Amino acid sequence: MSTRGTIMHGLRRRLAAVSALAMGAALAVAIPTPASAAARVDNPYVGAKAYVNTDWSAKAAAEPGGAAIADTPSFVWMDRIAAIEGSATAKSLRQHLDTALDQGANLFQVVIYDLPGRDCAALASNGELGPTELGRYKSEYIDPISDILADPAYASLRIVTIIEPDSLPNIVTNAGGTAGSTDACATMKANGNYEKGIGYALHTLGAIPNVYNYIDAAHHGWLGWDTNMGPAATEFKKAATSEGATVADVSGFIVNTANYSALKEPNFKITDSVNGTTVRQSKWIDWNYYADELSFAQALRTKLVAEGFNSNIGMLIDTARNGWGGSQRPTAAGPLTSVDTYVNGGRVDRRIHAGNWCNQSGAGIGERPTTAPEPGIDAYVWAKPPGESDGNSAPVENDEGKGFDRMCDPTYTGNGRNGNSMTGALPNSPLAGHWFSAQFQELVRNAYPAIDGNGGGGNGDTQAPSAPTGVTTTAKTSSSVSLSWTASTDNTGVTGYDVFRNGVKVGSSATTSYTDSGLTASTAYSYTVKAKDAAGNVSAASSALSVTTSAGGGTGTGTLKVQYKNTDSSATDNQIRMGLQLVNTGSTAVNLSTVKLRYWFTPEAGASTFGTACDWAVVGCGTLTHGVKTAGSAAGASHYLEVGFGSGTLAAGASTGEMQLRVNKSDWSNFNEADDYSRSTGTSYADAAKIGVYVAGALSWGTAP
């Protein structure tokens, strides 16, 4: 942690006001310096006794199994201006601090969380201040908190703050140009109020000698790619040097705040390979450089020091809900059938997608708060107290500024930030921050390390639902299977179903149907389904259903075909270039607006965003659409260039003629095309069976990877 001066900002501000009123009169003002003031330390957690939040502790102790962890220290959240003064059911900030002193604690942990336009990418945690209300944030929120924390009565406490979860990472990844971007994030990037607000908070609170500021830095499943981590470090530095702040106001950073990313993935390494395909290419990892939070936190710390932060900054990791224990916790890597079965069979993080963040089904309490557990890590902490909801699963009228985010709806099929996957959220959840009993009990049951004495004292629901029956196929294509089944029964009520493909969970459904996509043509898959209830009891598996996907298109199987020639002599330069032409082999004209061509490739390292161009086309470049999309983890085919036609028809027996196209990464780093699925070396046009032609979304020509 960094060393700072010892002048308290709040007292300095009051002293200036008194001096102005005195108008030159002789006035002696003594700044209190209590004898018991806490000495500044490098790591505030070393030798500390942390405050137990009694508001949370009482709720935890009242839950089955909760007494075993009710005395665990956790953070207090200041998530709106009214929280500073408290309410009939929640202590004020001063009352929390006074209770900490009564407990004999010398460490107090608080989350600063009320930026203008807060959490621009997640409606469930939107805040009360509008995008332009920076003045209110300063005068009505940060200044009153600063005045309280600077009170000499609390000088013996080491006060750790988490500064504004999710804000700066949203500016990096969700403010334009990505599938997860929002207009709200673009607004906050443009007006700079996230950086200004955080800079003001760092400067104001950092002037208090016993305050230790930690900036929120998202998690590995958000910033783990080089194209995100580097810009994030730069963004953090920008905020930390705004509104009078300096890097000396930053004691460190925290990762995984209120999230579920596993602390460690013990069963595989990011450098492992299966049949020549690296773990990074698996669908779960998706080219990320990190598989867990510990490795990410340590690497990010190195990056931040290189960016100009002090060399003794420390990292915190929120472990309150990333335990992923229970009977389903794997003890070894999965089978070597493919890199996906290897990773999915062995990963302890059992979410459907690493982008899922709301009230996750199957999660468990993680490591208990621990001081200096690993190099560069100041502590494992409980930032998000277990049992406090991430957001409501259905719309709820409220006066807290919190919206309804579909990522908290267990029936939602997802968006670009979670790969258009099911959310994995628990049903019947209340507003963010409100008590969610079912979630707390599930976290206790699935804790890792296990909690001594968990299991609910003998009066909880322990009866599992009946196994689903009648699992059948309702539809299938070359890349997807749709399933349905007969509902299970339960003594209290079934809340959802988990679907397993070849023994690995691939999704959840709140209904009795599910569609599994991203499959390989002409391939047999085995499916089972399990039911679960609100208490986390899980049924036995249904009988297995074997389904073989439809055959993909092949040469001569459709009325259209695509021909290709290689127009790029180098396989290792910074562009992929090709010539394509579409041929109608049928007897009737084809509406081109329904046709898409797909050329599959892998980008390797470097940027994850792309530029595309049409250099020349017989039909005119202006009639073509083109862009790059992600395609999963098949060898040589994690992405594809998709080419479409705005309008027109292709007559029977006719060809579009040549279309010259190219792809580049946004950072212009090199490709290695040698292993790309669709590439060949022919320099004259020939039928291309590994380039797909899709008509109205169905594969008509070619074999998909």
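This structure is a prediction, so every number in the text was calculated from the model and none was measured. Hydrogens, waters and symmetry mates play no part in the numbers below; they use all other heavy atoms, side chains included. Position 1 is the first residue of the sequence; numbering continues from there.
No side-chain donor from either of Ser680 and Asn566 sits under 3.5 Å from a side-chain acceptor of the other. Side-chain contact, Thr411 with Asp409: a donor N or O sits under 3.5 Å from an acceptor N or O. Using modelled atom types, one finds a donor on one side chain and an acceptor on the other under 3.5 Å when comparing Asp687 with Gln563. Looking only at atom types and distance, the side chain of Ser295 has a donor-acceptor partner in the side chain of Asp292 under 3.5 Å away. A donor and an acceptor atom, one from each side chain of Asn672 and Thr572, are nowhere located under 3.5 Å apart. Checking Ser647 against Ser593 by side-chain atom types alone, no donor-acceptor pair falls below 3.5 Å. Using modelled atom types, one finds a donor on one side chain and an acceptor on the other under 3.5 Å when comparing Thr609 with Ser666.
Inter-residue side-chain proximity for Asn170 and Trp222 is flagged as met; some heavy-atom pair is nearer than 4.5 Å. With a 4.5 Å cut-off on side-chain heavy atoms, Leu597 and Tyr564 do not count as touching. Between Leu560 and Val595 the shortest side-chain heavy-atom distance falls below 4.5 Å. For the pair Ile576 and Arg662, the minimum side-chain heavy-atom distance is 4.5 Å or more. Taking the side chain as every heavy atom from C-beta outward, Met407 and Asn415 approach each other to under 4.5 Å. Contact annotation: the side chain of Leu661 never approaches that of Thr612 to less than 4.5 Å [non-hydrogen atoms, C-beta and beyond]. Looking only at side-chain heavy atoms (C-beta outward), Val618 and Trp616 come within less than 4.5 Å of each other. With a 4.5 Å cut-off on side-chain heavy atoms, Val619 and Leu624 count as touching.
Both tests hold for Arg347 against Trp284: distance to the six-membered ring centre under 6.0 Å, angle to the ring axis within 45°. At least one cation-pi condition fails for Arg351 and Tyr260: the charged atom is not both under 6.0 angstrom from the six-membered ring centre and inside a 45 degree cone around its axis. Annotation: cation-pi geometry satisfied between Arg280 and Tyr289 (NZ/CZ under 6.0 angstrom from ring centroid, within 45° of ring axis). Judged by a 6.0 Å distance limit and a 45° cone about the ring axis, Lys690 is positioned over the six-membered ring of Tyr677. With Tyr525 as the aromatic partner, Arg501 meets the cation-pi criteria of under 6.0 angstrom to the ring centre and within 45 degrees of the ring axis. In this structure, Lys530 forms no cation-pi arrangement with Tyr497, as its terminal cationic atom is not both closer than 6.0 Å to the ring centre and no more than 45° off the ring axis.
Atom CG of residue Asp119 and atom OG1 of residue Thr182 lie 9.5 Å apart, to the nearest 0.5 angstrom. Atom CG in Asn228 sits 6.0 Å away from atom OG in Ser608 (nearest 0.5 Å). Atoms SG and CD1, from Cys120 and Ile171 in turn, are 5.5 Å apart once rounded to the nearest 0.5 Å.
Under the 30°/60° scheme for interplanar angles, the aromatic rings of Phe671 and Phe610 are found to lie parallel.
Ionic pairing of Asp498 and Arg350 is not present here: no N-O contact between side-chain nitrogen and carboxylate oxygen is shorter than 4.0 angstrom. Salt-bridge formation is not detected for the pair Arg679/Asp675: no Lys NZ or Arg NE/NH1/NH2 atom is positioned less than 4.0 Å from an Asp or Glu carboxylate oxygen.
Here the shortest heavy-atom pairing between Asp318 and Ala258 reads OD2-N, 2.8 Å. Between Pro169 and Phe236, the closest heavy-atom pair is CD-CE2, 4.3 Å. Nearest heavy-atom pair across Thr656 and Phe645 is CG2-CE2, 4.2 Å. Across all non-hydrogen atoms, the minimal contact from Pro266 to Arg329 is CG-NH2, 4.2 Å. In this structure, Ala605 and Ser669 approach most closely via the heavy-atom pair O-OG, 3.9 Å.
Judged purely by atom type and a 3.5 angstrom limit, Lys665 uses its side chain to pair as donor or acceptor with the backbone of Asn670. Between the side chain of Tyr599 and the backbone N or O of Gly692, no donor-acceptor pair lies under 3.5 Å. Remark: the backbone N or O of Gln360 is not paired with any side-chain donor or acceptor of Asn356 at under 3.5 angstrom. Under a 3.5 Å cut-off, the side chain of Thr341 and the backbone N or O of Pro335 do form a donor-acceptor pair. A donor-acceptor contact shorter than 3.5 Å links the side chain of Ser678 to the backbone of Trp600. Side-chain atoms of Thr277 never come within 3.5 Å of backbone atoms of Ser273 as a donor-acceptor pair (strictly under, hydrogens ignored).
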### Task
Under the salt bridge (Lys or Arg N to Asp or Glu O under 4.0 Å) rule, what do Lys264 and Glu374 come out as? Steps first, then yes or no, please.
CA-CA 12 Å; Lys264 300 175 183 178; Glu374 299 280 352; 3.3 Å; yes
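The side-chain contact (heavy atoms from CB on, under 4.5 Å) with Trp485 is formed by just one residue from the set Val499, Thr528, Thr472; it is Val499.
Looking at residues two or more places apart in sequence or on another chain, you find a side-chain contact (heavy atoms from CB on, under 4.5 Å) between Lys237 and Thr241, Val247, Glu307, Phe309.
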